[in-house]
Undergrad: 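I am attaching a structure below and will ask some questions about it afterwards.
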Amino acid sequence: MLDAGGSRRNSIELVGTKAGTAMPAEMRQVLNLQGLVPAGIEDFTKQEVRAFRQLMSKTSNLEKYEFLAGLRCISVNLFYRLVLNHFKEIAPIIYTPTVGQACLNYSYIYPFIYPSKTSVGMFITLEDTECIEAVMENYRNSMAQPIDPEVAVITDGSRILGLGDLGVNGMAIPIGKLQLYVAIAGLNPGRTLPITLDFGTNSLRYQNDPLYLGTRASRPDDEKFYAATDTVLGALYREFPDILVQFEDFSTDHAFGLLERWRNKALCFNDDIQGTGCVILGGFISAVEQAGIPARDQRILFVGAGAAGTGVAKQLVDYFVIDHKIPEEEAKAMFWFVDSRGMVTANRGDQLAKHKVYFARHDNGDTQCRSLDDAVEYVKPTALIGLSTVYKAFSEGILTRMNDLNQVARPIIFSLSNPETKAECSFEEAMRCTDNRVLFASGTAFPAYTIPETGEVKIPGQGNNMYAFPAIGLGAALCKPKRITDTMLFAVAKALANSLNEQERSCGELYPRIERIRNVAAGLAAAFITQAVREGLAQEQYWVQVVESTMPEKEAGQTAVTGRYTKRVLGEVKTLMWSPASSVEQYIVEAVATVNPDDI
Ligand SMILES: NC(=O)C1=CN([C@@H]2O[C@H](COP(=O)(O)OP(=O)(O)OC[C@H]3O[C@@H](n4cnc5c(N)ncnc54)[C@H](O)[C@@H]3O)[C@@H](O)[C@H]2O)C=CC1
Ligand SMILES: CC(=O)C(=O)O
Ligand SMILES: [Mg+2]
């Protein structure tokens, strides 16, 4: 009985896109399904249409999230088919902003799944770390296919988006990030591993919530935290030696601490510090080019001096140093920070956290700006970058003042906190208050804005690390670098800035349109690989040969790298690239739209 059930299940898995109502008559017979399914035999496309109708019939975004999460448990293929073909509509559901709501409600909406058949990932408690090898073994045994994961996204839920400590409820973030790895970079869903370190939560709200799914205890101290996390990461790298680990949404000190501990000895990066740095640098380069003053005249005020704020600023400093040949001390002096206590200065009177010290101002004399308004008056910024988690921190007064201060150059205003309930301002507000002159990006997508006087429709840029991490992961999965360096990420940021097409540039946009994100990710992954090879860190010999052989005549080696990418899509769909069967061709066309067939 059990055996029969098992083989039947396997058969159904094997048929993939021919499951359910798409199952051919012969197969229905073999599986004894006559009379158990409607007579109509339809193709996958019709299933997609029906699923999309059902999705769109949901009245709230959270319901849409739940529908998609349930669908994914039933049919991975159909889920990704929908995501790929309706990416613009679905990305804001499986990712920001709705994923924020999903996290807040995760213990209420957790799907009814059975981990022996399908698991959503790993939930590792402090107790589990004492038998971590067994946990790894359990995961391996639960996998539908005997293949190693290529990318793990790991969080401890301590700083989920701008929503704070959500404990185990943060799991929706690694899940959502990895769904974008599949949708944007074509990774095999079976090769993605979401992990939540369920070490407790300091949110009493969750500790006291009867339906809370995680450990009801306060978080451990640093010593225990690092020991337990090291145990998990050590086991993970032993079990899956080539895996890329993406650290996500750890509280600030642990975000920096883990990166320092692991960045030089394993393949990993922190998405909030480095991925965000990459993406914001990419958009910032485009903004500086359009602003109308020399780059070295920029005066950049960051609101929020956390992991993301200082991570982004560090990459911007690199840009001024490398591309504009501005000495580091001068480049650093182009930056000011405001945090919850006011402007970050060396003589503010409090002990500055380590990551703020580099940017602390020493030239403020007795001036200590306690509010953002004061800081704007003091700095007279040309660029205002929000990574503060403070909703509407960019008031109409501040936005209008930015416009007044920047009559020669166009003001750069990035409202980057997520989800949109934490965004410093909306696109519409920024446009209205700056006479539509703003160069704008936001972490969560805002709607397009129609300029009332002219009817012109303006599309805001989405400055979200989703433009970087899938490409970093794809590049890492392909060339298997020993580690990820700042210069490799810088190459990705530059490739992002260069990825805008003529139409996007002529409309003054800062990021490529979301519809092209797969194609763009291919180019960014190519830049990542090329730089890894240059630095002698790529371990995949094929890539070393391809990149080196094309370097002299093709500056970035991009075409050849993309060529190999194509080959892998064509030849090794099952082993590396993944896409629902019927859209593989479409994917290839998108991914290699610019490739000369002779190079493939
Ligand atoms: N667009 C994107 O791709 C990304 C956006 N983010 C967003 O950035 C935000 C911050 O993330 P992290 O830096 O990791 O958090 P964090 O907790 O490390 O930093 C938050 C910073 O904001 C400051 N802050 C708090 N209240 C303030 C106030 N009233 N005025 C000025 N500053 C204030 C804090 O002092 C701290 O320096 C989150 O909302 C997150 O979702 C983070 C990563 C990527
Ligand atoms: C986008 C992202 O990683 C964050 O808001 O934390
Ligand atoms: Mg994050």
Side-chain angles (χ1 to χ4, degrees), residues 91-92 95-97 99-100 103 153-166 170 172-174 176-177 180 246-257 259 269-284 301-315 336-344 348 350 352-356 359 369-376 384-395 398 414-424 441-446 461-470 496 511:
Y95 193 54
T96 183
V99 74
C103 287
V153 176
I154 183 167
T155 187
D156 70 346
S158 54
R159 191 290 272 149
I160 293 295
L161 307 176
L163 301 169
D165 180 353
L166 306 192
I173 285 291
K177 294 268 175 185
L180 295 197
Q246 171 173 326
F247 296 113
E248 189 70 49
D249 289 7
F250 281 87
S251 58
T252 323
D253 50 341
H254 291 163
F256 284 107
L259 186 60
F269 73 106
N270 180 294
D271 187 36
D272 301 294
I273 301 170
Q274 299 171 292
T276 315
C278 237
V279 163
I280 304 311
L281 173 55
F284 190 79
L301 178 58
F302 272 78
V303 186
T310 56
V312 168
K314 274 266 169 61
Q315 292 207 33
W336 288 260
F337 279 83
V338 169
D339 65 10
S340 55
R341 294 181 178 172
M343 201 164 72
V344 178
R348 189 165 76 170
D350 59 337
L352 290 181
K354 204 170 144 201
H355 62 277
K356 299 182 190 178
F359 285 108
C369 302
R370 297 293 173 192
S371 70
L372 179 56
D373 293 83
D374 288 351
V376 167
L384 194 56
I385 314 264
L387 283 158
S388 66
T389 74
V390 182
Y391 185 57
K392 303 273 181 226
F394 299 169
S395 62
I398 283 175
F414 286 6
S415 160
L416 300 174
S417 290
N418 294 316
E420 93 286 11
T421 52
K422 302 287 171 184
E424 287 79 7
S442 57
T444 301
F446 279 106
Q462 188 170 4
N464 188 295
N465 48 33
M466 70 193 275
Y467 274 101
F469 65 77
L496 178 58
Y511 288 94

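Counting starts at 1 for both ligands and their atoms, in listed order. Both backbone and side-chain heavy atoms feed into the values below; hydrogens, waters and symmetry mates do not.
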Undergrad: Write out the residue and atom name of the closest protein heavy atom to atom 5 (O) of ligand 2, then the distance separating them to 0.1 Å.
TA: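 For atom 5 (O) of ligand 2, the nearest protein heavy atom comes out as N418 ND2, 2.8 Å.
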Undergrad: Under 4.0 Å from ligand 1, counting heavy atoms only, is it the side chain of R159, its backbone, both or neither?
TA: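 The answer is the side chain of R159.
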Undergrad: Give the ring-plane orientation class for F414 versus F284, where under 30° counts as parallel, over 60° as perpendicular and anything between as tilted.
TA: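 If you compare the ring of F414 with that of F284, the planes turn out perpendicular.
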Undergrad: What distance do L372 atom CG and I398 atom CD1 have between them, rounded to the nearest 0.5 Å?
TA: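 It comes to 3.5 Å.
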Undergrad: Considering only heavy atoms from C-beta outward, does the side chain of V279 approach that of F469 to under 4.5 Å?
TA: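 Side-chain contact under 4.5 Å: no.
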Undergrad: If we set the cut-off at 4.0 Å for heavy atoms, which region of V390 has an atom near ligand 1: side chain, backbone, both, or neither?
TA: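 It is the side chain that gets close, since no backbone atom is under 4.0 Å.
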Undergrad: Is N465 close to ligand 1, meaning an N/O of one under 3.5 Å from an N/O of the other?
TA: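 In this structure, N465 places an N or O atom under 3.5 Å from an N or O of ligand 1.
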Undergrad: Could you state the interatomic distance from CE (M343) to CZ (R348), rounded to the nearest 0.5 Å?
TA: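 One gets 9.5 Å once the value is rounded to the nearest 0.5 Å.
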Undergrad: Does a side-chain N-to-carboxylate-O contact under 4.0 Å join D249 and K177?
TA: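 Answer for the salt bridge query: no.
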Undergrad: Could you grab the distance from atom CD1 of I273 to atom SG of C278, nearest 0.5 Å is fine?
TA: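 SG of C278 is found 13.0 Å from CD1 of I273.
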Undergrad: If you measure from atom 41 (O) of ligand 1 to every heavy atom of T444, T96, N418, which option wins on shortest distance?
TA: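 Result: the heavy atom closest to atom 41 (O) of ligand 1 is in N418.
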Undergrad: With a 4.0 Å cut-off on heavy atoms, is V279 touching ligand 1?
TA: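 It does not, in that no heavy atom of V279 comes within the 4.0 Å cut-off of ligand 1.
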Undergrad: Using every non-hydrogen atom in the two residues, find where A375 and V338 come nearest and quote the distance to one decimal.
TA: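 Minimum heavy-atom contact is CB-CG2, 3.5 Å.
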Undergrad: Using a strict cut-off of 4.0 Å, indicate which atoms of ligand 2 neighbour a heavy atom of N464.
TA: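 Result: 1 (C).
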Undergrad: Measure from the Mg ion (ligand 3) to every N/O/S atom of E248 and report the name of the nearest one.
TA: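 In E248, the heteroatom (N, O or S) nearest the Mg ion (ligand 3) is OE2.
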Undergrad: Search all heavy atoms of E424 against all heavy atoms of L416 and return the closest pair with its distance.
TA: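 Closest approach of E424 to L416: OE1-N, 3.3 Å.
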Undergrad: Between A305 and D339, what is the shortest heavy-atom contact and its length?
TA: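 Between these two residues, the closest heavy atoms are CB-CB, 4.1 Å.
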Undergrad: Inspect the surroundings of CZ in R341 and state if more than 12 heavy atoms from other residues, nucleotides or ligands are less than 6.0 Å away.
TA: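 At most 12 heavy atoms, drawn from other residues, nucleotides or ligands, come within 6.0 Å of this atom.
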Undergrad: Any idea which part of D249 is under 4.0 Å from ligand 2, heavy-atom wise: side chain, backbone, both or neither?
TA: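 The answer is the side chain of D249.
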Undergrad: Show the nearest heavy-atom pair for residues L166 and C103, with the distance to one decimal.
TA: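 For L166 and C103, the tightest heavy-atom pair comes out as CD1-CB, 3.6 Å.
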Undergrad: Of all the non-hydrogen atoms in the protein, which one sits nearest to atom 19 (O) of ligand 1, and at what distance?
TA: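 Heavy-atom neighbour on the protein nearest atom 19 (O) of ligand 1: G306 CA, 3.3 Å.
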Undergrad: What is the nearest protein non-hydrogen atom to atom 1 (N) of ligand 1, stated with its residue, atom name and distance?
TA: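 Scanning the protein heavy atoms, the shortest distance from atom 1 (N) of ligand 1 goes to G463 O, 2.9 Å.
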Undergrad: Who's the nearest protein heavy-atom neighbour of atom 32 (N) of ligand 1, and how far?
TA: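 Ranked first by proximity to atom 32 (N) of ligand 1 is D339 C, 3.2 Å.
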Undergrad: Counting heavy atoms only, name the option from A305, S417, G304 that's nearest to atom 9 (C) of ligand 1.
TA: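 Checking each option, the heavy atom nearest atom 9 (C) of ligand 1 is found in S417.
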Undergrad: Of the options I280, L180, D272, which is the one that meets N465 in a side-chain contact (heavy atoms from CB on, under 4.5 Å)?
TA: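 Of the listed options, the one satisfying the test is D272.
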Undergrad: Which ligand 1 atoms are under 4.0 Å away from a heavy-atom of G162?
TA: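 Those of ligand 1 that fall under 4.0 Å from G162 are 38 (C), 39 (O), 41 (O).
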Undergrad: Distance to 0.1 Å, residue and atom name: give those for the protein heavy atom nearest to atom 25 (C) of ligand 1.
TA: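 The closest heavy atom on the protein side is S388 O, 3.5 Å.
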Undergrad: Roughly how far apart are T389 OG1 and N418 CG, rounded to 0.5 Å?
TA: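 With rounding to 0.5 Å, OG1 (T389) is 11.0 Å from CG (N418).
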Undergrad: Give the residue, atom name and distance (to 0.1 Å) of the protein heavy atom nearest atom 44 (C) of ligand 1.
TA: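 The closest one turns out to be T276 OG1, 3.0 Å.
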Undergrad: With the threshold set at under 4.0 angstrom, would you say E248 reaches ligand 2 through any of its heavy atoms?
TA: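 Judged by the 4.0 Å heavy-atom criterion, E248 does count as contacting ligand 2.
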Undergrad: Verify side-chain contact (heavy atoms from CB on, under 4.5 Å) between T96 and Q462, making sure each step is shown before the conclusion.
TA: CA-CA 11 Å; T96 183; Q462 188 170 4; 4.2 Å; yes
Undergrad: Under a 3.5 Å threshold, yes or no: a donor from one side chain and an acceptor from the other, between D156 and S158?
TA: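 Their side chains do contain a donor-acceptor pair, which is all the 3.5 Å distance test asks for.
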Undergrad: Return yes when F469 approaches ligand 2 closer than 4.0 angstrom through a heavy atom, no otherwise.
TA: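 Not so, F469 does not reach ligand 2.
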Undergrad: Could you tell me whether V303 and ligand 1 have an N or O pair separated by under 3.5 Å?
TA: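 N/O-N/O distance under 3.5 Å: no.
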Undergrad: Closer than 4.0 Å to some heavy atom of Y95 - which atoms of ligand 2 meet that?
TA: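 Listed by number with element, the hits are 1 (C).
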Undergrad: Just to confirm my output: which protein heavy-atom neighbour is closest to atom 17 (O) of ligand 1, and how far is it?
TA: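 For atom 17 (O) of ligand 1, the nearest protein heavy atom comes out as T252 OG1, 3.5 Å.
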Undergrad: Distance under 4.0 Å to a non-hydrogen atom of R159: what atoms of ligand 2 satisfy this?
TA: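 This gives 6 (O) as the contact atoms.
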Undergrad: Of the side chain and backbone of K177, name the one, both, or neither that has a heavy atom under 4.0 Å from an atom of ligand 2.
TA: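 Looking at K177 and ligand 2, just side chain atoms fall under 4.0 Å.
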Undergrad: May I ask you to identify the nearest protein heavy atom to atom 35 (O) of ligand 1, giving residue, atom name and distance to one decimal place in Å?
TA: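 Here the nearest protein heavy atom works out to S340 N, 3.2 Å.
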Undergrad: Only heavy atoms of N465, strictly under 4.0 Å: list the atoms of ligand 2 that pass.
TA: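 It comes down to these atoms of ligand 2: 1 (C), 2 (C), 3 (O).
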Undergrad: If I compare all heavy atoms of P174 with all of V153, which pair ends up nearest, and what's the gap?
TA: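 Here P174 and V153 meet closest at CB-O, 3.4 Å.
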Undergrad: Quick check on side-chain contact (heavy atoms from CB on, under 4.5 Å): which of S415, S388, S417, P97 does K422 satisfy it with?
TA: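 With K422 as partner, S415, S388, S417, P97 yield a single side-chain contact (heavy atoms from CB on, under 4.5 Å), made by S417.
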Undergrad: Answer yes or no as to whether an N/O/S atom of D272 is found below 2.8 Å from the Mg ion (ligand 3).
TA: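 Yes - counting backbone and side chain alike, D272 has an N, O or S atom under 2.8 Å.
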Undergrad: Give the atoms of ligand 1, by number and element, whose distance to some non-hydrogen atom of G443 is under 4.0 Å.
TA: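 Answer for ligand 1: 1 (N).
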Undergrad: Suppose we only allow N, O or S atoms; which atom of D249 ends up nearest to the Mg ion (ligand 3)?
TA: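 Output for this pair reads OD1.
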Undergrad: Among all protein heavy atoms, pick out the one at the shortest distance from atom 8 (O) of ligand 1; state its residue, atom name and that distance to 0.1 Å.
TA: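 For this ligand atom, the closest protein heavy atom is L387 CD2, 3.4 Å.
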Undergrad: Shortest non-hydrogen contact from T310 to G306?
TA: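 Scanning both residues completely, I find the closest heavy atoms to be OG1-O, 2.7 Å.
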Undergrad: Any nitrogen or oxygen of L416, main chain or side chain, under 3.5 Å from a nitrogen or oxygen of ligand 1?
TA: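 Yes - when backbone and side-chain N and O of L416 are compared with those of ligand 1, one distance drops under 3.5 Å.
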Undergrad: Among the heavy atoms of D272, does any lie under 4.0 Å from an atom of ligand 2?
TA: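 The answer is yes: ligand 2 sits under 4.0 Å from a heavy atom of D272.
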